[in-house]
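Everything below concerns the one structure shown next.
Just so it is clear: chains get the letters A, B, ... in the order the sequence lines come, proteins before strands, and each one is counted from 1.
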Amino acid sequence: MSVIALGPYEFAPRDQVKNFHGNILVNFCWDRHVLVSAPFAVALPPAMTLREAIMTRIVPSIAFHPDAEKIDWNTVQWEKDHQPWQPDLDKSLAENKVGHKDYLLFITPELKGLNNAGL
Amino acid sequence: MSKVFIIVQANEEARPIVEALLQDNPHAVAQESPAMVRVEAEGKMTLNRATVEDLTGQPFNIQQLHVNLISISGHIDEDDDYLTVAWAN
Amino acid sequence: MDMKATKKKLGIKERYAHMTRGLGWEPTYQSADAVFPYDKYEGIKIHDWDKWVDPFRLTMDAYWKYQGEKDRKLYAVIEAFAQNNGHLNITDARYLSAIKLFWQGVSPLENYVVQGFARAGRHFRGEASRVACQMQAVDELRHYQTQAHSISNYNKYYNGFHSQRHMWDRVWYLSVPKSFGEDALTSGPFEFLIAISFSFEYVLTNLLFVPFMSGAAYNGDMSTVTFGFSAQSDESRHMTLGIEAIKFLLEQDPANVPIVQGWIDKWFWRGSKVLALVGMMMDYMLPKRVMSWKEAWEIYAEENGGALFRDLARYGIRPPKGWADACEAKDHLSHQVWLLFYEYGGAAAFHTWSLTDEELDWLSAKYPDSFDKYYRPRLEFLRDKHARGERVYQGTLPTLCTTCQIPLCFTEPGDPTKISHRETVHKDEKYVFCSDHCQEIFGNEPEKFVQSWLPVNQIYQGNCFNPDVDPTAPDFDPLKAVLEYFKYNLGRDNGDFEGSEDQRNFAMWRGQASKN
Ligand SMILES: [Fe+2]
Ligand SMILES: [Fe+2]
Ligand SMILES: [Zn+2]
């Protein structure tokens, strides 16, 4: 289906990657840790390594969660856009094929969240 | 059967409306909350002009209800002498 | 009141017929389709416009009379409130966060609805429908104005009420109601009618005005309860218009049924998301609580909406697609939204705070199936941290839903620890959503939603800084620059209530009011 309109109705997407000054927008979600109330959207240069993105942007943002300091990033499990994913943390986002507006879910099964309840 | 309701402000102008609804619709019940009164009934409920006029001794125009009405649920049938709210199911 | 109803020449029904029928004419210089270019392209077929009836049969003369009376009553209260320092009678200055959010995020919607009905009041072919829409446009303008006049009393004393028109076009959380309103305004006139009159006003508006305004009374806010109920007295007329409008469309032609059903699906879901803000206001921001969001949802959405959809079943209309998911969310919605705003409390132009044990107990009792398990531990943990001087303020921006524009704080239906995320690739571009229903709304009209002005994405694109700002400067603080672009008074409008200027001033003034 599409918009019902009297005339032509076509517009450029507002969030195309070319509008982000060389960055891509990447979404990060910590699975089953909803004390962090929503996933993060961060703008990152595609040449940045995934490890640097995590250390500079994600680690400080989740530090208030008591499980955060227990994360072993080398054993974290990942999903990208809901598919199992095995990134190389020391490779760039581009080399890991992280694209604009992708959804990266990091899963820490041994960390059960606040009250062991997934919070 | 579904419930209809009429909610009015809890004030002196609306009090005879609530009383008339309860008097003419024996199955209706009133619930009070801060600043408002909700009168609800199964299926159907009628506000009669004559009943309000009997209660106050003053002429009453059914459309005066608008001044103190907060909410209403159901299909409305309004004429000079009454206003009915009802669900068809 | 002096209007005589008893000895009048014409009855209500005849008067209505005289005042709404035969007012139009067949145009001869231009074709009717050229005069009314917008009432056919949506695919709605109308065969007899005279079948449109306002069940209240309100005519312009009676309309002016009763509206004038409502305004006289309202302004007497507003005057008295101002003269008697009514603002010091509220339970607690925390309460004002709800009024700030109302003023920032709900009142501007009234203005949008003015525009929408003014347009519908021009473009429908039937005279009675035009009269009804014009009355509603005037009503909605009255709502905006009376809210401005009532709330200006608070603006004299408290933070966060200033710069409403500026904030509306910029602030991240205000894009939720703003995009809702603009979606409706840019629809055809029939979709607008179903969006606002039916889905929002009939099915959902009771949730906004009835228990919340009763809550305002309970918290000593005479001013808000008076404008709220004064507006709601118009709203009950609008609701009636909504149900009449839908019956009219459904009875005119069977081909209208699937079109209307699609609009109901879309607009019920959109409305339920906007009302997440109200859920938070009721459960968290009222120091004295009248009823929980969940109870209000059960009475006004499930019971009353249920009655409505059982009634419409005879036309082949079923409850909206998102109905079951929206009902399931009643246990979670207000908590998830409050926790989001608490975490992003540095970036909101109202205060958030830690709840007392008594308040937590109230929520535990009202939400036996969800609160103790999923929300109380989070609130207590954050409260303890705050008590230790480590108040959590999130500085990294959240992912937004392309359709409802709310951060992805909602969980999967039936799985309250799993964040719900959906995505669609449309013409090589990826789009993110909070739910199946927001994703489906996009899928039905992708060309519309590819234009979504998502505040987080706009910030990263560099479109949310004041013109004199230099993002390359070494000491550039992007978050601060954004909040300045929003026109926040930093440290006064935002942050925790504890230690705020509102808290201090209210305590001081109330002290002065009660002793020499
Ligand atoms: Fe309104
Ligand atoms: Fe309205
Ligand atoms: Zn959404």
Side-chain angles (χ1 to χ4, degrees), chain A residues 1-21 23-44 56-58 60-66 79 81-82 99-103 105 112-119, chain C residues 37-38 41-43 187-188 191 262 336 339-344 373-375 377-378 381-382 385 390 392 394-400 402 406-409 411 416-419 421 423 426-427 429-432 443-448 450-454 456-463:
Chain A
M1 261 171 77
S2 65
V3 173
I4 296 166
L6 275 169
Y9 193 97
E10 197 74 45
F11 293 90
R14 203 179 286 277
D15 292 329
Q16 295 171 83
V17 70
K18 67 171 188 196
N19 297 340
F20 285 79
H21 311 286
N23 291 327
I24 54 172
L25 198 61
V26 185
N27 301 298
F28 286 89
C29 182
W30 189 1
D31 193 46
R32 306 274 176 198
H33 284 77
V34 287
L35 177 65
V36 182
S37 59
F40 301 113
V42 285
L44 302 167
T56 58
R57 305 303 306 276
I58 303 307
S61 311
I62 60 173
F64 68 95
H65 195 295
E79 283 179 13
D81 297 337
H82 304 282
H100 187 45
K101 294 184 253 176
D102 280 359
Y103 187 68
L105 185 75
K112 306 278 186 214
L114 218 57
N115 284 9
N116 291 319
L119 308 180
Chain C
Y38 300 121
Y41 81 95
E42 294 173 275
S187 303
E191 181 178 350
Q336 293 175 348
L339 280 156
L340 174 86
F341 276 104
Y342 181 93
E343 188 177 333
Y344 287 93
K373 190 150 185 228
Y374 301 111
Y375 304 107
R378 292 164 67 181
F381 175 84
L382 294 164
K385 257 185 118 57
E390 300 165 16
V392 171
Q394 185 56 258
T396 303
L397 305 176
T399 305
L400 304 184
T402 308
I406 301 176
L408 264 59
C409 64
T411 49
T417 64
K418 182 78 180 172
I419 292 288
H421 165 274
E423 57 187 22
H426 172 74
K427 294 189 178 167
E429 191 72 27
K430 188 172 282 179
Y431 299 90
V432 172
N444 289 336
E445 296 173 293
E447 303 89 343
K448 191 164 201 179
V450 301
Q451 305 167 70
S452 292
W453 195 92
L454 300 171
V456 165
N457 304 13
Q458 289 300 312
I459 290 169
Y460 284 126
Q461 290 178 38
N463 297 333

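Taking Tyr38(C), Phe381(C), Tyr374(C) one by one and counting their heavy-atom pairs under 4.5 Å with chain A, the maximum is reached by Phe381(C). Top candidate by heavy-atom pairs under 4.5 Å with chain A, chosen from Gly43(C), Gly395(C), Cys409(C), is Cys409(C). Ranked by non-hydrogen atom pairs under 4.5 Å with chain C, the options Tyr9(A), Tyr103(A), Trp30(A), Phe28(A) are led by Tyr103(A). Between chain C and the residues Asn27(A), Leu114(A), Asp15(A), the largest count of heavy-atom pairs under 4.5 Å involves Asp15(A). Options His421(C), Lys448(C), Lys373(C), Glu423(C) differ in how many heavy-atom pairs under 4.5 Å they form with chain A, and the most are formed by His421(C). No other option in Pro66(A), Pro39(A), Ala117(A), Ala43(A) has as many heavy-atom pairs under 4.5 Å with chain C as Pro39(A).
Contacts between Gln451(C) and chain A at a heavy-atom distance below 4.5 Å involve backbone atoms as well as side-chain atoms. Interface residue Lys385(C): only side-chain heavy atoms are found under 4.5 Å from chain A. Using a 4.5 Å cut-off between heavy atoms, Ile459(C) does not touch chain A at all. For Leu105(A), the part lying under 4.5 angstrom from a heavy atom of chain C is the side chain only. Looking at Ser452(C), only its backbone comes within 4.5 Å of chain A, counting heavy atoms on both sides. Heavy atoms of Leu25(A) lying under 4.5 Å from chain C belong exclusively to its side chain. Ala5(A) touches chain C through its backbone: at least one of N, CA, C or O sits under 4.5 Å from a heavy atom, while the side chain does not.
In terms of modelled atom types and a separation under 3.5 Å, the side chain of Gln461(C) and the main chain of Arg14(A) share a donor-acceptor contact. The backbone N or O of Thr396(C) sits less than 3.5 Å from a side-chain atom of Tyr344(C), completing a donor-acceptor pair. For the pair Lys101(A) (side chain) and Lys430(C) (backbone), a donor-acceptor distance under 3.5 Å is present. The closest donor-acceptor contact from the side chain of Glu191(C) to the backbone of Gly188(C) lies at 3.5 Å or more, if one exists at all. Listed for the Glu447(C) side chain is no donor-acceptor partner under 3.5 Å among the backbone atoms of Phe11(A). Within the 3.5 Å criterion, the main-chain N or O of Leu119(A) finds a donor-acceptor partner in the side chain of His65(A).
Atoms CG and CG, from Asn457(C) and Asn19(A) in turn, are 10.0 Å apart once rounded to the nearest 0.5 Å. In this structure, CG on Leu340(C) lies 10.0 Å from CG on Leu408(C), to the nearest 0.5 angstrom.
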